[in-house]
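Naming: A, B, ... by sequence-line order, numbering from 1 per chain. Every heavy atom of this structure was used, including side-chain atoms; hydrogens, water molecules and symmetry mates were not. Owing to the predicted nature of the structure, the values given are computational and were not obtained by experimental measurement.
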Number of protein chains: 2
Amino acid sequence: MLKYIDNKDIFKECGIKKTKQRNILLNILKEEEEPLTAEEIFIKARERDKYINLSTIYRTLNIFISKDIAIKLNLEKENKSMFQLNMMDHQHHIRCISCNKKIRIDKCPIIGYEYFIEENTNFHIIGHKLELYGYCSKCKDKKQ
Amino acid sequence: MLKYIDNKDIFKECGIKKTKQRNILLNILKEEEEPLTAEEIFIKARERDKYINLSTIYRTLNIFISKDIAIKLNLEKENKSMFQLNMMDHQHHIRCISCNKKIRIDKCPIIGYEYFIEENTNFHIIGHKLELYGYCSKCKDKKQ
DNA sequence: TTTTTGTTGCAAATCATTTGCAATTATAAT
DNA sequence: ATTATAATTGCAAATGATTTGCAACAAAAA
């Protein structure tokens with residue numbers, strides 16, 4: 001769980017420099033349960049660094065995403081992206097209905113959606129199950 | 001299945017005027033299996049109406065979405081939306097783990113994702129199962 | 001320290017999408 | 001059919017999110 005790993009170690013592991021700005025942003029993501037827009041993160045960041053710039057927010061978030069520290073959610077309704085600490089806490093698979101091969105799917109498409117559904121249904125969502133199925137590349141070829 | 005309903009009847013049902021431009025756009029969506037960007041739709045539309053404007057594309061797509069003729073997908077990677085005919089072919093639910101109440105979820109979050117996963121795994125995806133679960137508004141309140 | 005390399009702030013650019021408005025077209029009313 | 005009405009379109013310009021070039025700066029390596 002990323003949340004409990006020291007920032008310093010996360011940055012080292014990712015091979016990026018530890019800076020005041022990145023530290024602030026990672027802390028914000030760690031503290032936050034809900035996904036945030038870049039703008040919201042910016043506002044929170046300004047409370048801790050009066051001069052931090054919005055482009056630094058975007059650049060840092062993009063690095064975090066490329067290093068799997070964060071994930072980016074594109075909710076249906078919004079015209080802007082939301083960002084969240086990568087929870088890495090559950091896993092989905094896609095299964096071949098011919099040979100039964102399973103492979104992991106590394107990004108969960110539901111995280112942002114849960115949030116969206118919570119707002120629309122007034123449910124408090126605890127979890128979900130998702131299974132994709134189809135034909136793997138080999139079995140797909142065999143069929144023809 | 002929307003695909004097999006006459007455009008004229010779709011427009012009437014939705015209470016919007018039948019115009020050449022809307023007709024072209026609905027045909028493009030009907031003919032296409034894959035989701036398309038507004039730009040891609042625009043290019044295809046230009047082949048049929050030399051003077052159709054990009055803002056008409058956007059306006060029309062937004063109307064189609066509000067009338068549930070089309071759906072909008074926000075894939076993780078892309079910074080632009082994709083649009084697709086609303087297939088209306090399967091249904092998901094959210095279930096209350098306390099009282100077992102079920103309510104329908106009208107937009108499937110997986111459609112665009114399947115497409116994305118196909119590209120990344122080389123699977124041919126046939127379908128998926130998704131179930132969300134949590135506490136409904138009443139049960140949520142009771143707990144406190 | 002000094003050097004090297006990566007990171008930041010700023011301003012300007014870019015790109016997708018939306019909007020105001022006048023001209024045009026579809027439908028309803030005559 | 002013809003006219004009146006209300007909705008739709010094309011155009012140009014605006015908007016809003018995100019990215020980028022560049023010079024100044026800060027972190028890590030030497």
- Message: Nearest whole Å is fine: how far is C/dT18 P from B/E39 CD?
- Response: 14 Å

- Item | Reported CG-to-CD1 distance for the pair A/L54 and A/I41, which is rounded to 0.5 angstrom | 10.0 Å

- Would you kindly give the OH-to-P distance between A/Y58 and C/dC15, to the nearest whole Å? 16 Å

- Item | Interatomic distance, A/H93 atom NE2 to A/E131 atom CD [nearest 0.5 angstrom] | 10.0 Å

- Task: Report which part of the nucleic acid B/T19 touches: base, sugar-phosphate, or nothing (heavy-atom distance under 4.0 Å, all strands).
- Result: sugar-phosphate

- Message: Please determine whether the number of non-hydrogen atoms from other residues, nucleotides or ligands lying under 6.0 Å from atom NZ of B/K3 exceeds 12.
- Response: yes

- Query: Any N or O donor-acceptor pair linking the side chain of A/R59 to the base of C/dG6 at under 3.5 Å?
  - Reply: no

- Got a second to check how far B/I103's CD1 is from B/S137's OG, nearest 0.5 Å? 8.0 Å

- Closest nucleotide of DNA chain C for A/S55 versus for A/G15: which of these residues is on the 5' side? A/G15

- Message: Taking any heavy-atom pair under 4.0 Å as a contact, classify B/T37: base, sugar-phosphate, or nothing.
- Response: nothing

- Pairing of B/K44 and B/E34 as salt bridge, 4.0 angstrom limit: no

- Option passing side-chain hydrogen bond (donor to acceptor under 3.5 Å, both in side chains) with B/N7 (candidates B/K12, B/R22, B/K30, B/K18): B/K30

- Item | DNA chain C contacts among residues 40-54 of chain B, heavy-atom distance under 4.0 Å | B/L54

- Would you mind classifying the nucleic acid contact of B/K20 as base, sugar-phosphate or nothing, using non-hydrogen atoms under 4.0 angstrom? nothing

- Query: For C/dA16, does OP1 or OP2 lie under 4.0 Å from any side-chain N or O of A/N79?
  - Reply: no

- Query: Should the pair A/H128 and A/H92 be assigned to parallel (<30°), tilted (30 to 60°) or perpendicular (>60°) ring geometry?
  - Reply: tilted

- Can B/L36 and B/I28 be said to form a side chain to side chain contact (heavy atoms under 4.5 Å, CB included), step by step? CA-CA 10 Å; B/L36 297 169; B/I28 289 171; 4.0 Å; yes

- Task: Just call it for B/K80: base, sugar-phosphate, or nothing, with non-hydrogen atoms closer than 4.0 Å on any strand.
- Result: sugar-phosphate

- Note on the structure: Rounded to whole Å, NZ of B/K17 lies from P of C/dT24 at a distance of 16 Å

- Item | Leading and trailing nucleotides of DNA chain D with any atom under 4.0 Å from heavy atoms of chain B | D/dA6 to D/dC11

- Would you call the rings of A/Y135 and B/H124 parallel, tilted or perpendicular if under 30° counts as parallel and over 60° as perpendicular? parallel

- Query: Within the structure, does a side-chain N or O atom of A/Q21 lie under 4.0 Å from either OP1 or OP2 of C/dG9?
  - Reply: yes

